[in-house]
Amino acid sequence: MPELPEVERFRQYFEGTALHQKVAQVEIADAKVVSCDPADLKAITEKHTFDKTERIGKYLFITTSAQKVLMIHFGMSGSLKYYRDDPPRFGRVIFHLDNGFHLAFDCPRKFGRIDVGDSVKDFQTKKKLSTDAYKMEWEEFDKNISGRTGMIKPLLLNQKITAGVGNWIADEILHQAQIHPEARANHLTKDDYQRIFQKMKDILHTAVSLEANYNEYPDNYFIHRRGWTELNLKECAQCDAEVTHMKVGGRATYICEGCQKK
DNA sequence: CTGTTTGTTTGCCG
DNA sequence: TCGGCAAACAAACA
């Protein structure tokens, strides 16, 4: 699940639960998801409080009272769960809190990662992440995409270009902007890019304000043609043609062949 | 058993 | 050195 809107929801969830709480102990149930030295993870959290949250793209950052930063990336299936008595099935790292509650990093497929660092800026530099797509200005988008020759969809998925855009959002943007996912970036016009940028902002805004609850997205959203939502539609909202799917850059890609010509 | 998966990293190639 | 590309990673679920 976790693309930008979900990670923003997790950030808000963290703010409403574990923020300002003190960590008694960190339990590393599966070291696979911990990128750093476990001793460093303990050092910056145990006997410390969670003081501040930030998010860039799909990365969540928590500054602790040790003045260091905890980074959480959710991979394909990660989430957070705050609980007292009912632990999630796949809690890989669990922060046991002084207040008797626990915050688990629940990650069934183990693609998620937890890491520690000196600052958010350091992480952003190290990962070469762009500005968060939700906050990005046109000028940066234009700069990041210009000169590229690859297919447009994989470029939108590139976190150095538009941090936070994931697979369904890229499909949603390209469908609403009526552009084929395999279109070469250098063959698109300024007008195409302005449409892509506008749709990106619009979709992210909608998804974040609906707290990434897919079922509540507008009926004409292409996401309802992926078989993920209760609506489970098959036809394009624009032209009524049946949507098709293919692989682009190795990723499942849904398009309307009528609306998205190469 | 087979195929699929909302993400990122790595290594090869030009 | 850089961009493009495909494979690898891991495990649950249908």
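Everything quoted here is computed from the prediction, not taken from an experiment. First the proteins, then the strands, lettered A, B, ... as listed; each starts at 1.
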- line: The answer to which of A:R226 and A:K160 contacts DNA chain B further toward the 5' end, by nearest nucleotide, is A:R226

query: For the side chain of A:K110, counting heavy atoms from C-beta on, which of C:dC5, C:dA10, C:dC13 is nearest?
result: C:dA10

message: Less than 4.0 angstrom between a side-chain N/O of A:T149 and OP1 or OP2 of C:dG4, yes or no?
response: yes

message: For a quick check of understanding: with a heavy-atom distance under 4.0 Å over all strands, which category does A:R92 fall into, base, sugar-phosphate or nothing?
response: nothing

task: Output the single nucleotide from C:dC5, C:dA12, B:dG7 whose closest atom is nearest the side chain of A:M151.
output: C:dC5

- request: Kindly indicate whether the side chain of A:R109 and the base of B:dT5 share any N or O donor-acceptor pair separated by less than 3.5 Å?
  value: yes

- prompt: Between A:V248, A:T162, A:N167, A:I152, which is the residue that forms a side-chain contact (heavy atoms from CB on, under 4.5 Å) with A:L157?
  reply: A:N167

message: Students often get this wrong, so: under 4.0 angstrom with heavy atoms, is A:G250 touching a base, only sugar-phosphate, or nothing?
response: nothing

field: Whole-Å gap separating C1' (B:dG7) and CD (A:E6)
entry: 12 Å

query: If only atom types and distance count, is the side chain of A:S65 paired as donor or acceptor with the main-chain N or O of A:T49 below 3.5 Å?
result: yes

field: Any A:Q159 side-chain N or O less than 4.0 Å from OP1/OP2 of B:dT8
entry: yes

- request: Check the pair A:E172 / A:Q176 against side-chain hydrogen bond (donor to acceptor under 3.5 Å, both in side chains), numbers first and verdict last.
  value: CA-CA 6 Å; A:E172 189 72 46; A:Q176 291 193 21; 2.8 Å; yes

- prompt: To the nearest Å, how far apart are A:L60 CG and B:dG7 P?
  reply: 16 Å

message: Looking at A:T64, is its backbone amide N or carbonyl O close enough to the side chain of A:K52 to form a donor-acceptor pair, meaning the two atoms are under 3.5 Å apart?
response: no

task: Using atom CG of A:N167 as one end and atom P of B:dT4 as the other, report the distance to the nearest whole Å.
output: 14 Å

task: Round to a whole Å and report the spacing from CE of A:M76 to P of B:dT9.
output: 14 Å

- request: Would you classify A:R251 as touching base, sugar-phosphate or nothing, given that sugar-phosphate means primed atoms plus P, OP1 and OP2, and contacts are heavy atoms under 4.0 Å?
  value: base

- request: Compare side-chain N and O positions of A:H73 against OP1 and OP2 of B:dT8 and report whether any pair is under 4.0 Å apart.
  value: yes

- request: In whole angstrom, give the distance that lies between atom CD1 of A:I152 and atom P of C:dG3.
  value: 15 Å

- request: Starting at atom CZ of A:R113, determine the distance to atom C1' of B:dG7, rounded to an integer number of angstrom.
  value: 11 Å

- request: Measure from the side-chain heavy atoms of A:Y59 and tell me the nearest of C:dG3, B:dG7, B:dT9.
  value: B:dT9

- prompt: Any donor-acceptor pair under 3.5 Å linking the side chain of A:R92 with the backbone of A:C107?
  reply: yes

query: For B:dT8, does OP1 or OP2 lie under 4.0 Å from any side-chain N or O of A:K127?
result: no

- prompt: CZ of A:R148 versus P of C:dC2: gap in Å, rounded?
  reply: 11 Å

task: Name the nucleic acid region contacted by A:K247, choosing base, sugar-phosphate or nothing; use a 4.0 angstrom heavy-atom cut-off, strictly under.
output: sugar-phosphate

- prompt: Between the main-chain N or O of A:R9 and the side-chain N or O of A:E211, is there a donor-acceptor pair closer than 3.5 Å?
  reply: no

query: Please give, in whole Å, the distance from C:dC5 C1' to A:E182 CD?
result: 13 Å

- request: Indicate, with a heavy-atom threshold strictly under 4.0 Å, whether A:F74 touches base, sugar-phosphate, or nothing.
  value: nothing

